[in-house]
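First up is the structure itself, then whatever we jot down about it.
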Amino acid sequence: MTTVLHLGLGNFHRAHQAWYTAHAPGTWSILGVSLRSASVRDALAAQGWRYTLAIKDHRGAHYETLGVLRGVLVAPESPEAVLDAVAAVDTACVTITVTEKGYTLDAEGELDTQHPDVQHDLQNASPRTLVGYLARGLARRVAQRAPAITVFSCDNLPGNGRKLQRAVARFCALAGIEVPLASIAAFPDSMVDRITPATTPALEAECEAQASGPSRAAVETERFSEWVIERRTVGTVPDWGAVGVQWVDDVAPFEQRKLRLLNGTHTLMAHLGRWRGHTYVHEAIADPVVEAAVDDLMAEAVDTLVGTAADGVVAYCSALKTRYANPALRHALAQIAVDSSIKLGVRVAPVLLERAARGLPSPACYRALAAWVAQSAADIAQGVGVADPARSTLQAALDAGRSRNDQVRAAVSLVASALDTEAHVDNVVSAWPAPPT
Ligand code: CS2
């Protein structure tokens, strides 16, 4: 048995990398680590770590039971076991899905040394952050003379593997941990794609009624799936290529296309869609106002794609809209809206800034930013609040007593400091969404 250690056992992992690993040739199993809560571990433990994946498209649903997990560790309960797992000879490679904020990076994409959890981890042997676990776990791996491993970053960040490697190296330097990082681990970049809503009681009830496998912690996803990984590995890794993974020399064009077209329009819909009274993606894309805004943002993003990234982009955009319209998935806009101050910084701001540098106007990018500020202000005014790492700053920025210009200036500076110049602020204010009728 050969183990893939996975850090961040959310739905996306269970729909994506776990599916590829379950279908890869050979006998692979996954040891999952939840970095925060015990709830998924508890649900999965009660059913022998098996779970149902409901794969859905316009034609209907197909239920698959995945038995690839062999256990789950909850990091806050057993940090030592997690460090041991990073170091274990049996651990062939590591995959990671911890969301953008889990990388604890600053606006420049470097380790955020001011982050309270990073500061905690620099001083303490029991980590709280992904970077702390990797740095201390890899040090243990070196001490045990275990072979080098590949760490696959699978989150929506440009240059995700490289960023993680730099963050771990910086952490080691600051913590005085001596790890020859380049010889103990490889950190390839990767682009991952599969739309995966959060689990709901309705999905569990549906699986209970329709599927033959267990129903708790079931995951629903679309049929479409893509994983493009930089060909830069050490040690043993599953033959994911046999089940559809593309190994390439440069992931950047794939990740740029996906982040700017899919994720950018997702974040736009998350705010403009809710502003217009919608709850789910398939409802938002059926609204002509939202659809037009999506088309415009795609067109602005397409202008920034060059070389391989631009290949087949018209078909790519049209396939995206079919995926959004998938009526079988209940993909909540509120789920996508989470952490928007970070997401906009990698999904929309680069398009806007590249276009501005070329003297091109970007009304659709401004519309996306305006929809975010407007809907976030509405959420705060209604007492719903915003789920965002910059929550307190954002709440203060969007205080109802401030002028719209001041609100926008303070909010967009959280996304990228280059956006708080007056020209951008005025353009965002002018792109304010019309009140829903
Ligand atoms: C979404 C992504 O929640 C979000 O921010 O944009 O999770 C998106 O569904 C995936 O990247 C699709 O691969």
Side-chain angles (χ1 to χ4, degrees), residues 8-20 53 55-57 95-103 152-158 160 189-200 219-229 244-246 251 254-274 278-282 284-285 290 293-294 297-298 301 316-317 319-326 328-351 368 371-372 375-376 386-390 415:
L9 194 63
N11 277 25
F12 183 70
H13 169 68
R14 306 210 299 291
H16 189 272
Q17 304 93 53
W19 183 91
Y20 286 95
L53 187 63
I55 302 171
K56 300 179 171 181
D57 67 7
T95 52
I96 291 169
T97 51
V98 293
T99 78
E100 297 86 337
K101 67 171 175 284
Y103 287 70
F152 295 94
S153 166
C154 306
D155 286 289
N156 290 320
L157 283 171
N160 47 16
D189 290 337
S190 87
M191 184 284 278
V192 291
D193 190 7
R194 195 168 208 185
I195 291 173
T196 308
T199 303
T200 58
V219 180
E220 70 176 359
T221 192
E222 59 183 340
R223 200 167 294 273
F224 178 93
S225 187
E226 206 176 7
W227 194 4
V228 182
I229 314 177
V245 164
Q246 263 178 279
V251 173
F254 298 91
E255 106 203 328
Q256 217 175 64
R257 183 172 66 184
K258 193 251 174 175
L259 280 170
R260 295 181 183 191
L261 293 175
L262 189 162
N263 297 112
T265 56
H266 249 179
T267 297
L268 162 70
M269 284 191 285
H271 300 291
L272 188 59
R274 285 186 307 134
H278 306 299
T279 305
Y280 297 108
V281 171
H282 69 281
I285 197 66
V290 178
V294 165
L297 185 57
M298 283 181 177
Y316 185 90
C317 290
L320 274 185
K321 286 175 65 182
T322 307
R323 291 168 65 192
Y324 294 164
N326 184 348
L329 287 187
R330 312 236 124 215
H331 196 190
L333 297 167
Q335 177 187 340
I336 303 170
V338 166
D339 300 343
S340 282
S341 70
I342 299 188
K343 291 175 176 175
L344 284 161
V346 292
R347 300 173 177 198
V348 174
V351 175
W372 167 59
Q375 182 57 41
S376 302
V386 285
D388 198 286
V415 170

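Throughout, residue positions are numbered sequentially from 1 according to the sequence presented. We count ligands from 1, going down the list as the structure has it; atoms in each ligand are counted the same way. Any value given below was found using the heavy atoms of this structure, including those in side chains, with hydrogens, waters and symmetry copies removed.
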D57: which residues meet the salt bridge (Lys or Arg N to Asp or Glu O under 4.0 Å) condition with it, sequence neighbours left out? R59, R223

Under the side chain to side chain donor-acceptor pair (under 3.5 Å) test, which residues partner R194, sequence neighbours left out? none

Side-chain donor-acceptor pair under 3.5 Å between H271 and S340, yes or no? yes

With R14 via side chain to side chain donor-acceptor pair (under 3.5 Å) - residues at least two apart: N11

Steps toward side chain to side chain contact (heavy atoms under 4.5 Å, CB included) verdict (D193, R323): CA-CA 12 Å; D193 190 7; R323 291 168 65 192; 2.9 Å; yes

Anything under 3.5 Å between an N or O on ligand 1 and a protein N or O? List each pair with its distance, or write none.
unit_1	atom_1	unit_2	atom_2	d
ligand 1	5 (O)	K343	NZ	2.8
ligand 1	5 (O)	R347	NH1	3.1
ligand 1	5 (O)	R347	NH2	2.9
ligand 1	6 (O)	N263	ND2	3.1
ligand 1	6 (O)	H266	ND1	2.8
ligand 1	6 (O)	R347	NH1	3.2
ligand 1	11 (O)	N156	ND2	3.0
ligand 1	11 (O)	K258	NZ	2.6
ligand 1	11 (O)	N263	ND2	3.1
ligand 1	13 (O)	D193	OD1	2.6
ligand 1	13 (O)	R194	N	2.9
ligand 1	13 (O)	K258	NZ	3.2

Does one side chain, of N156 or K343, offer a donor that lies under 3.5 Å from an acceptor on the other? no

